[in-house]
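This is the structure I want to talk about, given as structure tokens.
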Amino acid sequence: MTKTEQNITALYCRLSHEDELQGESNSITNQKAMLEKYALENHFGNTRFYIDDGFSGVSFDRPAFQEMICDMEDGQIKTIITKDLSRLGRDYLKTGTYIELIFPQNNVRYIAVNDGVDSDKNLDEFVGLRNYFNDFYARDISKKIRAAQKAKAERGERLASNPPYGYMKNPDNPKEIIPNPETAPVVKKIFELYASGIGARKICTILQDEKIVTPSVYAFQKTGSMMAHPNLGMPYAWHQTTIRHILSNQDYIGNTVNHKTWTKSNKLKKTLQTPKEKLLIFENTHEPIIEKHLFEAVQKHFEGRKKPSPSGEMDKYAGYLYCADCGSRLYLHRHQQETEKNDFFCGGYRTFGKAYCSAHYIKERILDSIVLESIRRILRFAKEETDAFYQMAAEKGEKEAEKQYRTMKAEISQKEVRVSEIDTIIQCLYEDRASRRISAERYEMLSEKYENEQKILKDELENLRIKVNDTEMKEKFIQDFLDKARKYADVTEVTPEILHQFVRKIYVHEKRQKYSRTEGNLIEIEYTFEQSKAMQRRKEMMYEM
């Protein structure tokens, strides 16, 4: 066998998801048949197919293409044939580099059948132009897909094709998701364990001991999907990253979050995280698995120190404890031998030193006793003096609050009626203009006047609805607190559950006399029923004995 006979004729086929929209003409089967026929008729022997199915032409990081290039650099390939230039690639700069530089340097002949391109017969000046239009097509398709995805995202439609772990597609409507009876209890268990003070690492151990398969393995068992790279040899090996991803996912409280990631262009495949303020969040789009208050309590822990103790327990005050002077979080310093000596100190002081703030040092056991006594006192007050507690929590007298609420609701109703009336007036004006009962100038003047009035009314309505929602939310928080006060009447210790049920924030002041062994810290507790600035700084003080 001669060296020429040993040389491979590479028949390269590529199909992207966008190319599938063009129909059967670009299918892999069609490309293979065409190239095989062309090679046979033109006496190209020792053919080998290199196929990339489902890969964009914008990127050249395709497995079969890279394999072909490696074989070419090893001197095995003499000829490369594609159906047309776009099959080789849609980035006109890189495609041109391969055709005009890399292939000639490796003594490789390139043929694009449908475009009449053959490097052995000299390349005409239109090759670069064709590559540019192939690039333009890719950009245009990408732009249209992005626009369609953006429109769906802004409508609140779920963009992910697969439901998150804990959910499944609704058999009656595949666009909806519903809790999965097999995995939703696992999600609940993870949240409850973390809220109780158990860290992500220990949760992984608990799930592994109970032989609960990981989300990626579960997806493989149900659908055969390998997209999440399941470790089939270790099906119960949960990772802390998986736990944290579940604990931060708003899907579990019934929200749909769109536009989580983005890319700068169709040629840059690296995804970037969208800032929190730019996320598109749609509430109550599906049935929740986790109650909102539990989810928020978990997020508080994420805001504080995440590192658990050697036994896997979390700092129960993480996300609750703040310096009253500089606003920094207070961090827990654990003593290895004697847990009674555990203490908290200001993060601002730790980072920037005494020029920025002071230590605000306080022992954990002292903080526990202050917080416990304060919670027990407020719960007794809420349970035994319900009316007085309600009036205090609502800030204003109950009658005044009710009167203001009724006034706002009536004003909303009146403005909504007027907005509807203006819609009718504008419609009548349009009909008068169409039938020429009024002039175009008159129509423009009147319609602009009513549209401006309607815009002002809508803005006022939005502000009123916000105030009404705040009033209703305050009422809800107060009633929830009263209900919980009855349930947790006999609190005996400060636990993560007690904190997330009753406490929003805790502020620690510096001692009036620094380093004093007899004077304690002033502690301020903000409770969950407190919504306004006037109520946020109730002072609870207790001194070390």
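Since the structure is predicted, the reported quantities are computational estimates derived from the model, not experimental observations. For the numbers below, each heavy atom of this structure counts, side chains included, while hydrogens, waters and symmetry mates do not.
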OH/Tyr320 to CG/Asp315 distance, rounded to the nearest 0.5 angstrom?
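That separation rounds to 11.0 Å.
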So, for Leu88 and Phe60, which heavy atoms are closest and what is the spacing to 0.1 Å?
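Shortest heavy-atom contact: O-CE2, 3.6 Å.
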Let me see the working for Met34 and Asn114 under side chain to side chain contact (heavy atoms under 4.5 Å, CB included), right down to the final yes or no.
CA-CA 10 Å; Met34 171 185 280; Asn114 283 358; 3.6 Å; yes
CD (Gln66) with more than 12 external heavy atoms under 6.0 Å:
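Enclosed: over 12 neighbouring heavy atoms sit under 6.0 Å from CD of Gln66.
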How about Phe295 and Tyr252: are their ring centres within less than 6.0 Å of each other?
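Not under 6.0 Å, so no.
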Using atom types as modelled and distance alone, determine if a side-chain donor or acceptor of Asn106 lies under 3.5 Å from a backbone N or O of Val108.
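Such a contact is absent between Asn106 side chain and Val108 backbone.
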If I take atom OG from residue Ser119 and atom CG from residue Asn107, how far apart are they, to the nearest 0.5 angstrom?
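If I round to the nearest 0.5 Å, the distance is 10.5 Å.
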Is it true that the NZ or CZ of Lys505 lies under 6.0 Å from the centre of Tyr322's six-membered ring and within 45 degrees of the ring axis?
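Yes, Lys505 lies over the aromatic ring of Tyr322.
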Between Arg14 (side chain) and Phe55 (backbone), is there a donor-acceptor pair under 3.5 Å?
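Looks like yes, one N/O pair under 3.5 Å.
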If only atom types and distance count, is the side chain of Ser248 paired as donor or acceptor with the main-chain N or O of His245 below 3.5 Å?
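Yes, because the side chain of Ser248 sits within donor-acceptor range (under 3.5 Å) of the backbone of His245.
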Side chains of Phe191 and Glu291 in contact at under 4.5 Å (non-hydrogen atoms)
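No, too far: nothing below the 4.5 Å cut-off.
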In chain order, what residues pass the salt bridge (charged side-chain N to carboxylate O under 4.0 Å, His left out) check against Asp74, with sequence neighbours excluded?
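Listed in chain order: nothing, the list is empty.
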What's the shortest heavy-atom distance between Asn255 and His286, and which atoms?
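It is O-CE1, 3.2 Å.
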Please determine, by modelled atom types, if Asp52 and Tyr12 share a side-chain donor-acceptor pair under 3.5 angstrom.
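Note: Asp52 and Tyr12 side chains meet the donor-acceptor criterion.
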So, do Leu332 and Phe344 sit near enough that their side-chain heavy atoms are less than 4.5 Å apart?
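Of all side-chain heavy-atom pairs linking Phe344 with Leu332, at least one is under 4.5 Å.
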Is the shortest side-chain heavy-atom distance between Val298 and Ile290 below 4.5 Å?
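A side-chain contact is absent here, since even the closest heavy-atom pair is not under 4.5 Å.
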Are the side chain of Asn342 and the backbone of Glu364 linked by a donor-acceptor contact shorter than 3.5 Å?
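No; judged by distance alone, with no hydrogens or angles, the pair does not exist.
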Kindly determine whether Thr495 and Lys316 satisfy side chain to side chain contact (heavy atoms under 4.5 Å, CB included), including the steps that lead there.
CA-CA 7 Å; Thr495 64; Lys316 62 176 174 285; 5.8 Å; no
So which pairs with a foot in residues 172-183 pass salt bridge (Lys or Arg N to Asp or Glu O under 4.0 Å), sequence neighbours left out?
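Every pair satisfying salt bridge (Lys or Arg N to Asp or Glu O under 4.0 Å) with a residue in residues 172-183: Glu182-Lys222.
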Side chain proximity check, Val213 to Tyr236, heavy atoms < 4.5 angstrom:
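In short, these two side chains touch, coming nearer than 4.5 Å.
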Check Leu457 against Ile422 and note the closest heavy-atom contact, atom names and distance.
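Shortest heavy-atom separation between Leu457 and Ile422 comes out as CD1-CD1, 3.9 Å.
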Would you name the heavy atoms of Arg62 and Ser56 that are closest together and state the gap between them?
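Closest pair (atom of Arg62, atom of Ser56, distance): NE-O, 3.5 Å.
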Nearest 0.5 angstrom please: Thr242 OG1 to Gln240 CD, how far?
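Here the interatomic distance stands at 10.0 Å.
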List the atom of Leu93, the atom of Thr97, and the distance in Å for their closest heavy-atom pair.
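What the structure gives for the nearest pair is O-OG1, 2.8 Å.
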Roughly how far apart are Gln454 CD and Asp459 CG, rounded to 0.5 Å?
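Rounded to the nearest 0.5 Å, the CD-CG separation comes to 11.0 Å.
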Are any side-chain N or O atoms of Thr351 and backbone N or O atoms of Gly348, one a donor and one an acceptor, separated by less than 3.5 Å?
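No: the side chain of Thr351 does not pair with the backbone of Gly348.
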Give the intermediate values and the outcome of side chain to side chain donor-acceptor pair (under 3.5 Å) for residues Ser59 and Asp61.
CA-CA 5 Å; Ser59 170; Asp61 188 19; 5.3 Å; no
Identify, with sequence neighbours excluded, every residue that meets side chain to side chain contact (heavy atoms under 4.5 Å, CB included) alongside Asn452.
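In terms of side chain to side chain contact (heavy atoms under 4.5 Å, CB included), with neighbours along the sequence ignored, Asn452 is linked to Glu448.
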Report yes or no: is the cationic atom of Arg350 (NZ for Lys, CZ for Arg) closer than 6.0 Å to the six-membered ring centre of Tyr331, at no more than 45° off its axis?
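Judged by the rule (NZ or CZ under 6.0 Å from the ring centre, within 45° of its axis), Arg350 counts as positioned above Tyr331.
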My understanding is that only residues two or more places apart in sequence, or in another chain, count here; which of them pass side chain to side chain contact (heavy atoms under 4.5 Å, CB included) with Thr9?
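Scan of Thr9 (side chain to side chain contact (heavy atoms under 4.5 Å, CB included), adjacent residues dropped) gives Leu11, Phe44, Thr47, Thr79, Ile81.
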Starting at NZ of Lys94, measure out to CD1 of Ile99 and round the result to the nearest 0.5 Å.
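The NZ atom of Lys94 sits 14.5 Å away from the CD1 atom of Ile99.
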So Cys357 and Ser328, do their side chains get closer than 4.5 Å, heavy atoms only?
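Counting from C-beta outward, Ser328 and Cys357 never come under 4.5 Å.
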Do any N or O atoms from the side chain of Tyr167 and from the backbone of Asp251 form a donor-acceptor pair under 3.5 angstrom?
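Pair found, side chain donor or acceptor close to backbone of Asp251.
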Apply side chain to side chain contact (heavy atoms under 4.5 Å, CB included) to residues Asn249 and Tyr165 and explain how you reach the verdict.
CA-CA 10 Å; Asn249 192 343; Tyr165 179 77; over 6 Å; no
Does Ile8 reach the side chain of Met68, with side-chain heavy atoms less than 4.5 Å apart?
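In short, these two side chains do not touch, never coming nearer than 4.5 Å.
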Does the side chain of Pro235 reach to within under 4.5 Å of the side chain of Tyr218, using non-hydrogen atoms?
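Contact flag for Pro235/Tyr218 side chains = no.
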Begin with the C-alpha distance, continue with both residues' side-chain angles, and end with the deciding distance and a verdict on side chain to side chain contact (heavy atoms under 4.5 Å, CB included) for Asp71 and Arg48.
CA-CA 11 Å; Asp71 290 344; Arg48 179 186 298 178; 3.4 Å; yes
Residue pairs involving residues 184-193 (criterion salt bridge (Lys or Arg N to Asp or Glu O under 4.0 Å); sequence neighbours excluded):
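Every salt bridge (Lys or Arg N to Asp or Glu O under 4.0 Å) pair that includes a residue of residues 184-193, provided the two are not neighbours, is Lys189-Glu210.
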Leu15 to Arg87 - nearest heavy-atom pair and separation
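Reported closest heavy-atom pair: CA-NH1, 4.2 Å.
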Just to verify, what does Phe103 make a ring pair (Phe, Tyr, Trp, His ring centres under 6.0 Å) with, not counting sequence neighbours?
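Partners of Phe103 under the ring pair (Phe, Tyr, Trp, His ring centres under 6.0 Å) test: Tyr98, Tyr110.
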Aromatic plane relationship, His335 with His333 - under 30° parallel, 30 to 60° tilted, over 60° perpendicular:
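Geometry flag for His335 against His333: perpendicular rings.
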Distance in Å, Leu35 CG paired with Leu40 CG, rounded so as to fall on 0.5 Å steps:
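Reported value, rounded in 0.5 Å steps: 12.5 Å.
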Heavy-atom side-chain contact between Tyr50 and Ile80 under 4.5 Å:
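Not in contact.
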